[in-house]
Amino acid sequence: MEKFFRCVTAIVIVVSCASIAYADGGPLAQVTLKVSGLVIDSATREPVIGASVVLEPLSTGRRVGREGRFEFTGVRPGQYALHVRAIGYNDRHVELDLKGDVQLTITLAVKPISGEEIIVRPETPVTPHGITNKMSEDDLDRDRGQTLGETLEHISGVTTLQTGASIAKPVIRGLHSQRITVLNAGVAQEGQQWGAEHGPEIDPFAPTNIEVVKGAASVEYGAGAIGGVIRVVPRELPTDSIFRGNISLNAFSNNLQGAASAMLEGTVRGVSGFGWRGQISSRTAGDSRTPDYVLGNTAFKELNGSLALGYAAKEYGFEAFLSHFGSEIGIFKGSHIGSKSDLERVIAQGRPSVDYEFGYEIDAPKQSVDHELVSLGGHVVLSSLGKFEAHYGLQHNDRSEFETNRDPSKPDRRSMRLQLLTHSFDVKLQHKPIGNMTGSFGINGLRQGNTGDGYDLLIPNYLTFAGGIFALEQLGLGKDLTLKLGARFDHNSMSVYALPPKEIERNDHIYSSASGAFGAIYDLGRNWSINANLATAWRPPSINELYSNGVHHGSAQYERGDNTLTSERSINTELALRLQTPHIGLELTGFVNNFDGFINLVPQPEPVLTVGGTYPSFKYQQSDARFLGGELTVNYQLAEELSTRLTASVVRAKDVKRDESLFGIPADRAELEIEYLLPDWLDAFQSSSIALNTLAVARQDNAPAGDYAAPPAGYMLLNGRLSTHAILFGQQLNIFLEAHNILGQRYRDYLSRYRYFADDPGRNFILRISLPFGDKQ
Amino acid sequence: MKTIKYLVALLALTFGVSACDNPGDSNTPTDNELITYVVVTLHDSTNLQDSVMLTFSDIDGPAGSTQPVIKGHTLLMNKTYIGKIQLYQLKQDHGDSLASVNEEIIAAGTAHQFFYTPNAAINNYVHVVTTDKDANGLPLGLQFVVHTSETISGDPASGILNVVLSHFEDPTQKNGTSRSTDSDIDIDFPITIQ
């Protein structure tokens, strides 16, 4: 009875606060209006079920149900915009000057099967969650604060190479590191990506949109994009008079991590078209915990910030983007072994030999990474030619790694410091349509220098000059068929100042080659379409593949480069079949990626003898490899409030010459999510939803022989999520409560770098609150 | 105003980083604590002038072109040897001279322990007992005694004496009997008992 009374009191308090909040906003606040309407297909006039309607700048969203209707209530008069999106349709953007209740009929046009990106972006969904019916704003807010890799993991075909909670390298269709390009603010990220434990230097809180290109995309993005591209695009700057911001707070239960981020954006009074945005974020995390023990020294810290300035006029514009990424990451002490027999004993024990205590201290072994980016860009539209774009990027990456001293009372030793400085430029012309043909061509160039010091240098100093030229055209043939054609030529010259440090010996390497792509999209009718792509791409060997020479701690293997390696080339064929109806979104893709001269670490017959014992020896060698696989994404709207999503992916990779599976390929996996939209409650909690998610990962049965430990068993994880948009005291609050690994499952992922030493982290509850403030428009 | 400050700072940084971009410059060598030379000396307890040495040397480290060399030795049956181990590292900043690290190990004795383990082929005939202690009274192993006994057949037996220096980051992890999983050295010396 007392409980009931308390509950009623709580409700009364909340209701009164909400009403006071509404009543408190001056005379206008009492006028609340209704925005409602219908979303229909422009051709069939049928409702577009599952379309998302987001009312900006409130960032509240609605999903369109069976009837095709949506409704926002309690909206105050003012300037608004409606963003309407649905899979397979072009986005619509409707400006609203709200003075009274409005009823709209929004028509969506089916997306022309030719999109500018299709040749390099093979029917790939361009939102971070693949084909999805969820609100994009919600999606991004929901993952805000996760690492880039974790955010991308929801896409079928994308997995991560994980080193603890803070380092997650994206793996696209089994390929990662030097075979993936990460594009940040229009500039290809040039970080120190020489090891599996080197994560991409991207701020997880930055207000960005993220797109993934699966498969070779070298024509547009250069020789490195042999396995795919991840585009991190800062959101557009405001142009109309505005001042607003957002504060976001996150808390994670597993490693007692706290994270906060603040963003401010606005325009300058009197200077129309000029917009700016500043953002800062910070994270502090303690040690991660498995269900049974603490992973000692896996704490980390991050401090990031960015500043964007832009000016947009009708026919020209420019933007400047500056960002800093800084992190200090502890490496799990139990993974730092001194000899091969140490590793064998840890594996035999099945758990770390030391019971670590939870803490926030970051001791050696550790790494500290700073990455600064300056990106300057501009465009001008010339009526006679088309749109002319230019970009300059300057990046400085500073990575240090530390080891413990023989005498623990002495300070940690810096085993190496590498500094990478990169200048890059891109110039591109998007020409005016010539008949049915549209497209672009351009050039780009890069100068990159690396300097290192320390006694355990992973790579030698080098200086690279690279340049490329490309053309990409698209031709519409009739109503149903679109063809794409692209070609590119790259030249890369690198001077290496070889190890050891005292005898500087210069080696020059020159690589050049061409890339090409051909694609066709055919509309089969009845909502089905098919897309085929054929692309050939190449990449020069990377510096670590040419010059590595040392023991890799943690994997207990001796790795040697080979400076006679030549370029590797791939021929990638893929086929995608797509269905889009009001209730079902389906995408089935299959690919065959053949590599000529695939560069890979291959076990050598002669072991290497060191003071720490005998290590198996590996050398970077070239062979022929074949990657085969496919992905499936199905979205099914069971009812207006109930939707499900199924994703699955499979990759098989083989060294064809040696007839052996490749090491470190993600295991087969499937994920099923069910989401239920909760009814609005008291106008104070809107667009709430609850979701349950199961991830099933099989054992990797196609691993090569000779691994220290057999691939771990398959596992299943249960995750859940509750989200709501609350309006409390007149303030909007977006609240997300998430639970990872709810059942506290003990498991080890095949792609976790700690799988020899310890289990993956256990249960993790995550609370995120984001608080938008400032002008509505 | 803040914006301008930030811009100035970034500009300064740009020039700053450009200044350090000289890939052709030499790297500064630093102390890498890599042990390049290990000597185990065994003195016959009945005749201290009589000694044998087991050595490991890899003067330029694993990345260098010189191959490491391990030299074992023959021990006599039914003997007691008084043993000591000496570790050296290459001091690159001191004209490539060898420097003993024993003093360092003694100073950080509570964080280290040597383990001498004969393999199955000889473990019935070779017994090693450490004789020195760290500040907490736990075995250290820079000094030790080796007892050999007669083989069952009376024939010579060949095997391996494994020498490990365990590093304990947290001295509370050291219990005197268990190895850590962070070994500073891990060397197999071939041994023959006759």
Side-chain angles (χ1 to χ4, degrees), chain A residues 276 278 307 309 322 333-334 336-343 345-346 352-354 363 372 374 394 396 398 403-409 413-415 419 421 449-457 461-463 495 497 499-502 504 506 549-551 558 608-615, chain B residues 2-3 6-7 10 13-14 16-18 20-38 56 58 60-64 67-68 70 87 92 101 104-105 107-108 110-112 162 164-171 173 178-188:
Chain A
W276 58 269
L307 186 67
L309 305 166
L322 319 170
K333 275 191 178 149
H336 195 264
I337 42 127
S339 76
K340 186 185 152 201
S341 72
D342 290 343
L343 176 63
R345 282 186 309 119
V346 176
S353 54
V354 177
D363 296 328
E372 282 100 25
V374 179
L394 170 69
H396 175 235
D398 188 347
E403 279 184 46
T404 45
N405 207 293
R406 190 175 294 130
D407 181 350
S409 63
R413 297 174 297 137
R414 183 156 74 186
S415 59
Q419 296 195 73
L421 185 75
N450 179 66
T451 52
D453 71 83
Y455 55 83
D456 197 11
L457 287 174
N461 292 354
Y462 68 86
L463 183 63
S495 303
Y497 302 88
L499 301 165
K502 276 177 290 180
I504 289 180
R506 185 175 142 166
N549 191 0
V551 173
Y558 197 92
V608 173
L609 183 64
T610 75
V611 74
T614 307
Y615 289 92
Chain B
K2 275 229 171 94
T3 313
Y6 193 57
L7 275 172
L10 258 150
L13 175 96
T14 308
V17 293
S18 302
C20 67
D21 173 37
N22 283 314
D25 282 357
S26 166
N27 306 312
T28 330
T30 33
D31 177 14
N32 70 357
E33 293 201 340
L34 180 72
I35 290 160
T36 54
Y37 191 50
V38 177
F56 167 94
D58 185 12
D60 52 6
Q67 289 301 306
I70 295 181
L87 276 58
Q92 287 173 317
V101 297
E104 222 179 301
I105 292 169
T110 55
H112 290 96
N162 174 253
V164 163
L165 172 56
S166 268
H167 181 118
F168 299 90
E169 237 220 277
D170 176 359
Q173 293 159 14
S178 314
R179 282 173 60 178
S180 75
T181 53
D182 187 3
S183 307
D184 286 338
I185 69 167
D186 184 344
I187 305 171
D188 287 342

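None of these values were measured; they are calculated from a predicted model. Chain naming here is simple, since letters A, B, ... match the order of the sequence lines and numbering starts at 1 in each.
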| said: Under a 4.5 Å cutoff for heavy-atom pairs, which residue among B/Ser180, B/Pro171, B/Ser166, B/Ala111 has the most contacts with chain A? | reply: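 Of the candidates given, the most pairs with chain A belong to B/Ser180.
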| Who wins among B/Arg179, B/His167, B/His112, B/Glu104 for the most heavy-atom pairs under 4.5 Å with chain A? |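 Top option by heavy-atom pairs under 4.5 Å: B/Arg179.
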Contact origin within [X] toward chain A - heavy atom pairs under 4.5 Å:
X        : value
B/Leu165 : neither
B/Gln173 : side chain
B/Asp188 : neither

| Min side-chain heavy-atom separation B/Ile187-A/Val611 under 4.5 Å |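 The answer is yes, as the side chains (C-beta and beyond) meet within the 4.5 Å cut-off.
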| Given that the side chain runs from C-beta out, which part of A/Thr610 has a heavy atom under 4.5 Å from chain B: side chain, backbone, both or neither? |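 Its backbone and side chain both get close to chain B.
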| field | Gap between atom CZ of A/Arg345 and atom OG of B/Ser178 - 0.5 Å precision | value |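 Going from OG on B/Ser178 over to CZ on A/Arg345, the span is 9.0 Å.
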| Distance (rounded to the nearest 0.5 Å) between B/Gln67 CD and A/Leu609 CG |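 That separation rounds to 8.0 Å.
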| said: At a heavy-atom distance under 4.5 Å, which candidate from A/Gly334, A/Ser341, A/Pro352 has the highest pair count against chain B? | reply: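 It is A/Ser341.
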